[in-house]
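Owing to the predicted nature of the structure, the values given are computational and were not obtained by experimental measurement. Chain A is the first sequence line, chain B the second, and so forth, proteins listed ahead of strands; every chain is numbered from 1. Scope of the values below: all heavy atoms of this structure, side chains included, with no hydrogens, waters or symmetry mates.
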Number of protein chains: 2
Amino acid sequence: MTTQPAFRRSEPDARRLSLIEACARVLAREGIAGASVRTIAVEAGVSAGLVGHYFPGVDALIAATYAHTGARVDAALEAAVAAATDDPRARLEAYVTASFAAPIADPQLLATWIAFWSLVRARPEIAALHDEQYGGFRGQLEKLLADCGLPANALRRTAIAITALVDGLWLELCLSPHELAADEAAAIARDALARFTSTAPAAG
Amino acid sequence: MTTQPAFRRSEPDARRLSLIEACARVLAREGIAGASVRTIAVEAGVSAGLVGHYFPGVDALIAATYAHTGARVDAALEAAVAAATDDPRARLEAYVTASFAAPIADPQLLATWIAFWSLVRARPEIAALHDEQYGGFRGQLEKLLADCGLPANALRRTAIAITALVDGLWLELCLSPHELAADEAAAIARDALARFTSTAPAAG
DNA sequence: GCACTTGTTGTACGAGCGTCCAACAAGGTT
DNA sequence: AACCTTGTTGGACGCTCGTACAACAAGTGC
């Protein structure tokens, strides 16, 4: 009888990525409380000890998972803008509504994202990643808004408002999926975008 | 030499409340990962065993903390509306902007709130509390919006948009306090409210 | 076929976890 | 002053946690 190999070797980068993806799935399913080395290792189909071979500790794995997830989101948003027409308004709308289409509007990705939010205050290295990530969002939004002709003194506030709206819709999409569907969230975001970028600021 | 009492008895309700408040502080400071029975007990100045005397388990304490925090938020919002004039618009604005004034716009309260978000997906009893809480928000908002003359078919979407915006601003206020201050968040919310409740929906 | 590198496993360790519970003591009643 | 109720403590229980590490084996070069 021939015994099959007890395990298969993997390209370091591939194994590393599979650990990161397993970590993201566990974070989405069980939250930070369930994201232990052993749980993640089982999810990746690997022994617990192997995690220590690729990451100095479980915190580093979680941070790497945030960085990887953030990069995925960035790439999807950039791709949406690149696929849009040259019209500044269309590019802005593409950037914002991409948050409510595949691959971002995925309950698992959003749940992972919420787990990261819950880590920002307690973990300085996650806070640093968060600042970088959201600084990027804001910067990109301000650029797209400026291209739409928004006055310079309105850029910052409008970018913050849009970011807040998108995050809030993500939250409801993920935590109250029976109350809100992705296409409705996209419609709400489109409508809000039009209102935010119209000239009449109303009283305040 | 007279030894002082080793501990002081407390009214059951007062002790219960002090455990809940200690739990909220720990959740704000360390997130769900640090909210252990022992940590919470130390925070409350009490032995770990006492937690089991007031709550069937640590999960029940956390759920009670969510319920208590939610009730505090509700009360603050209701008080703001009650203090407003009879003008429907003023009442709506009071309800929304109260989220960015004391006692709600408190970093500790918001951090606690974010910790609850991270529990919704993994803990059914927290999910039930969440549904109830946010159902209440939406219902109240829809009522105030209807009083402002918003057409019935716009109530739901507008309420969702406002809820999302407020949650998103809370998030930035709590996670990026160096980027956004409470008064600026209030100004953004006021402006957005005016835009959401104006008649012109623009294209979309 | 042998040596070598290194990805991978399994185990062991100390620490912290939630929960339980016998013993203690504070405060009120009689 | 004796008593009772019960809030409170502190330790013990079995478990899971993160980490470290020796042993093993897969793949590579020769």
Grab the [atom1]-[atom2] distance between [X] and [N] for me, whole Å please.
X	N	atom1	atom2	answer
B:Leu61	C:dC17	CG	P	14 Å
A:Leu17	C:dG7	CG	C1'	17 Å
B:Arg15	D:dT6	CZ	P	17 Å

query = For D:dT8, does OP1 or OP2 lie under 4.0 Å from any side-chain N or O of B:His53?
reply =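 For D:dT8, neither OP1 nor OP2 has a side-chain N or O of B:His53 closer than 4.0 Å.
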
inquiry  = Can you tell me if B:Tyr54 touches the phosphate of D:dG7, counting only side-chain N or O atoms and a distance under 4.0 Å to OP1 or OP2?
reply    =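 Checking B:Tyr54 against D:dG7: no side-chain N or O falls below 4.0 Å of OP1 or OP2.
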
Donor-acceptor contacts under 3.5 Å from residues 22-35 of chain B side chains, at least two apart:
residue	atom	partner	partner atom	Å
B:Arg25	NE	B:Glu43	OE2	2.6
B:Arg29	NH2	B:Glu43	OE1	2.2

task = Output the residues of residues 42-52 of chain B in contact with DNA chain D, where contact means a heavy atom of the residue under 4.0 Å from an atom of the strand; sort by number or write none.
result =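 Residues of residues 42-52 of chain B under 4.0 Å from DNA chain D: B:Val46, B:Ser47, B:Gly49, B:Leu50.
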
Using residues 137-146 of chain B as the side-chain source, report each donor-acceptor pair under 3.5 Å to any protein atom, sequence neighbours left out, with the distance given to one decimal.
residue	atom	partner	partner atom	Å
B:Arg138	NH1	A:Glu172	OE1	3.0
B:Gln140	NE2	B:Glu78	OE1	3.3
B:Gln140	NE2	B:Glu78	OE2	2.4

query = Heavy-atom contacts under 4.0 Å between residues 23-40 of chain A and DNA chain C, which residues?
reply =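 The stretch gives A:Arg38 as the residues lying under 4.0 Å from the strand, ordered by number.
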
query = Is any side-chain heavy atom of B:His53 less than 4.5 Å from a side-chain heavy atom of B:Leu50?
reply =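 Yes; the side chains approach each other to less than 4.5 Å.
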
query = Got a sec, which residues hit side chain to side chain donor-acceptor pair (under 3.5 Å) with A:Arg89, two or more places apart in sequence or on another chain?
reply =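 A:Arg89 satisfies side chain to side chain donor-acceptor pair (under 3.5 Å) with A:Thr197 only.
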
task = Please name all residues satisfying side chain to side chain donor-acceptor pair (under 3.5 Å) with B:Thr112, sequence neighbours left out, ordered by chain then number.
result =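 In terms of side chain to side chain donor-acceptor pair (under 3.5 Å), with neighbours along the sequence ignored, B:Thr112 is linked to no residue.
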
Name every donor-acceptor pair, under 3.5 Å, that has one atom in a side chain of residues 57-72 of chain A and the other anywhere in the protein, sequence neighbours excluded.
residue	atom	partner	partner atom	Å
A:Asp59	OD1	A:Arg123	NH1	3.2
A:Thr65	OG1	A:Leu61	O	2.7
A:Thr69	OG1	A:Thr65	O	2.7

Identify every side-chain donor-acceptor pair in residues 157-169 of chain A under 3.5 Å, counting partners at least two apart or on other chains, and give the distances.
residue	atom	partner	partner atom	Å
A:Thr158	OG1	A:Ala154	O	2.7
A:Thr163	OG1	A:Ala159	O	2.7
A:Asp167	OD1	A:Tyr134	OH	3.2
A:Asp167	OD2	A:Tyr134	OH	3.2

Cut-off 3.5 Å, no hydrogens considered: what does the side-chain donor-acceptor table look like for residues 179-188 of chain B, sequence neighbours left out?
residue	atom	partner	partner atom	Å
B:Glu184	OE1	A:Arg156	NH2	2.8
B:Glu184	OE2	A:Arg156	NE	3.2
B:Glu184	OE2	A:Arg156	NH2	3.3

